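First the structure, in the form of structure tokens, and then the observations on it.
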Amino acid sequence: MSLFDYKISELHSMLHKKEISVTDLVDQSYKRINEVEDKVEAFLTLDEEKARSYAKQLDEAIGTKDQFGLLFGMPIGIKDNIVTKGLRTTCASKILDNFDPIYDATVVQKLQQAESVTIGKLNMDEFAMGSSTENSGFKVTKNPWNTSYVPGGSSGGSAVAVAAGEVPFSLGSDTGGSVRQPASFCGVVGLKPTYGRVSRYGLVAFASSLDIIGPITNSVEDNAYLLQAIAGVDPMDGTSANVEVPDYLSALTGDVKGLKIAVPSEYLGEGVSEEVKQSVLSGLKVLEGQGATWEEVSLPHSKYAVATYYLLSSSEASANLSRFDGVRYGYRTDNASNLLELYKQSRSEGFGDEVKRRIMLGTFALSSGYYDAYYKKAQKVRTLIKKDFEDVFEKYDVIIGPTTPTPAFKVGEKISDPLTMYANDILTIPMNLAGVPAISVPCGLSTEGLPLGLQIIGKHFDESTIYRVAHTFEQATEFHKEKPQL
Ligand SMILES: NC(=O)C[C@H](N)C(=O)O
């Protein structure tokens, strides 16, 4: 049994009784990384020296102080699009190879206040564009359940590091499913908080109206710990919301008696595999057994979500990524004789294919003559999609469905067919467009032995209810106890 099979609350009690030390936890991380990293390739950069010296410092503090951070001594991995002062941050892009940020993201500062130990930075699809982590400019991360399969993306490294036991938890980011989809493919718990619940300051922007940072963990309880540590309004991010942060851990003590669940017929319809459907229906039975009721509803504009998302996110990306010009950050070409060539060549050589595809799509959608037909229309449809959720939440407490239409697919299977890859996000994108929170929790294994995820969606800023339902489900099932054999 690994130390990371224990929850944060259990590890804390072991630390206080001096049964283990923070150094033991950090040792466990790097030992496991040495054992499995060759097979899964989750990390881009390790911060071993600093982690070990900080662990020592925390160990010395155990006997002397009486106030401990919420994540005291807990090893954590951070997605490589979250900036860390002095620690290489690449967004898995060659254009940012060897980029050392000069400041920490707000979530990183909050982790420091909570006294967690940063183990390293995690692989992802370049600039978070992708659903398989195959779009990384450096390496392809593999699914620990079967290394011929993708781990999902774009936070593939973050989900794999947790699933493979390299760290007990990590941070990812979710623009159209990037926390939930890899969590589902890797059999771990991943939350996309409400837009605005967590500061985006220091999260390298992909699509600013959709991006949000979220925790990936082995258990719902640990997930609540991590959200507690990173949530809250931030003067450095004007879109962060000034809404009180509740005590998420106390939400876990409740039950689901009388809870009203909505199940959108669109989420169990065409394109969703039979075994995914069955696992969700069995999940609903479990919750019924705990006193909840469910009814089928409709989210009629769901069918437009993927097109709307790829128009809006690419438009925002085309603007956000204009700052990578070979002058201010990272990679600069050697093959330019004037300024315009410098921009063109640096970007052509530095960005990968998927990033270029999105920049072109977005630039097209925003160009004069096409703006009304594409960008503006997509904004209008976004409002309709948001309204669908508001209508359902007038009568129901949560919405439940699968996280993904199928379990993980094979490495190489969809990479040359962007549209099929995009379609994979069909069940996670609507929540980003509406801004509502959603979690993915393990709900079974496919016939091929790959994890399946149940998605629980809540009202704006109601992560507490999501946690209550997810925790009840987790306690009533054994799925979270299954671990990949590497
Ligand atoms: N970034 C995300 O949330 C993932 C989504 N699959 C995308 O490629 O945009």
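Every number for a ligand or one of its atoms is a count from 1 in the order of the listing. The structure presented is a predicted model; accordingly, all values stated were derived computationally and were not measured.
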- Within 4.0 Å of some non-hydrogen atom of M129, the atoms of ligand 1 are 8 (O)
- Item | Selected option - heavy-atom contact closest to atom 9 (O) of ligand 1, from Y422, Y310, Y309 | Y309
- Measure the distances from the heavy atoms of A128 to every atom of ligand 1 and state whether one is below 4.0 angstrom. yes
- Contacting atoms of ligand 1, where contact means under 4.0 angstrom from a heavy atom of T175: 1 (N), 2 (C), 3 (O)
- N123-D80 side chain donor-acceptor pair, cut-off 3.5 Å: no
- Those atoms of ligand 1 less than 4.0 Å from some heavy atom in G176: 2 (C), 3 (O)
- G130 neighbourhood, listing ligand 1 atoms whose heavy-atom distance to it stays under 4.0 Å: 4 (C), 5 (C), 6 (N), 7 (C), 8 (O)
- Which atoms from ligand 1 have a heavy atom of R358 less than 4.0 Å away? 7 (C), 8 (O), 9 (O)
- Test item: side-chain donor near acceptor, T89 and K121, under 3.5 Å: yes
- What about S131: any of its N or O atoms under 3.5 Å from an N or O on ligand 1? yes
- Message: Testing D174, T403, T428 one by one against R180 for a side chain to side chain donor-acceptor pair (under 3.5 Å), which residue passes?
- Response: D174
- How far is atom 5 (C) of ligand 1 from its nearest protein heavy atom, and which residue and atom name does that atom have? D425 OD2, 3.4 Å
- Identify whether NZ of Lys or CZ of Arg in K85 sits under 6.0 Å from the centre of the six-membered ring of Y103 and within 45° of that ring's axis. no
- Query: So T465 and D462, side-chain hydrogen bond (donor to acceptor under 3.5 Å, both in side chains) or not? Walk me through it.
  - Reply: CA-CA 6 Å; T465 301; D462 192 14; 2.7 Å; yes
- Item | Any donor-acceptor N or O pair under 3.5 Å, side chains D125, S154 | no
- Query: Where is the nearest protein heavy atom to atom 4 (C) of ligand 1: which residue, which atom, and how far?
  - Reply: S178 OG, 2.8 Å
- Task: Please work out whether the ring planes of Y329 and F324 are parallel, tilted or perpendicular, with thresholds of 30° and 60°.
- Result: tilted
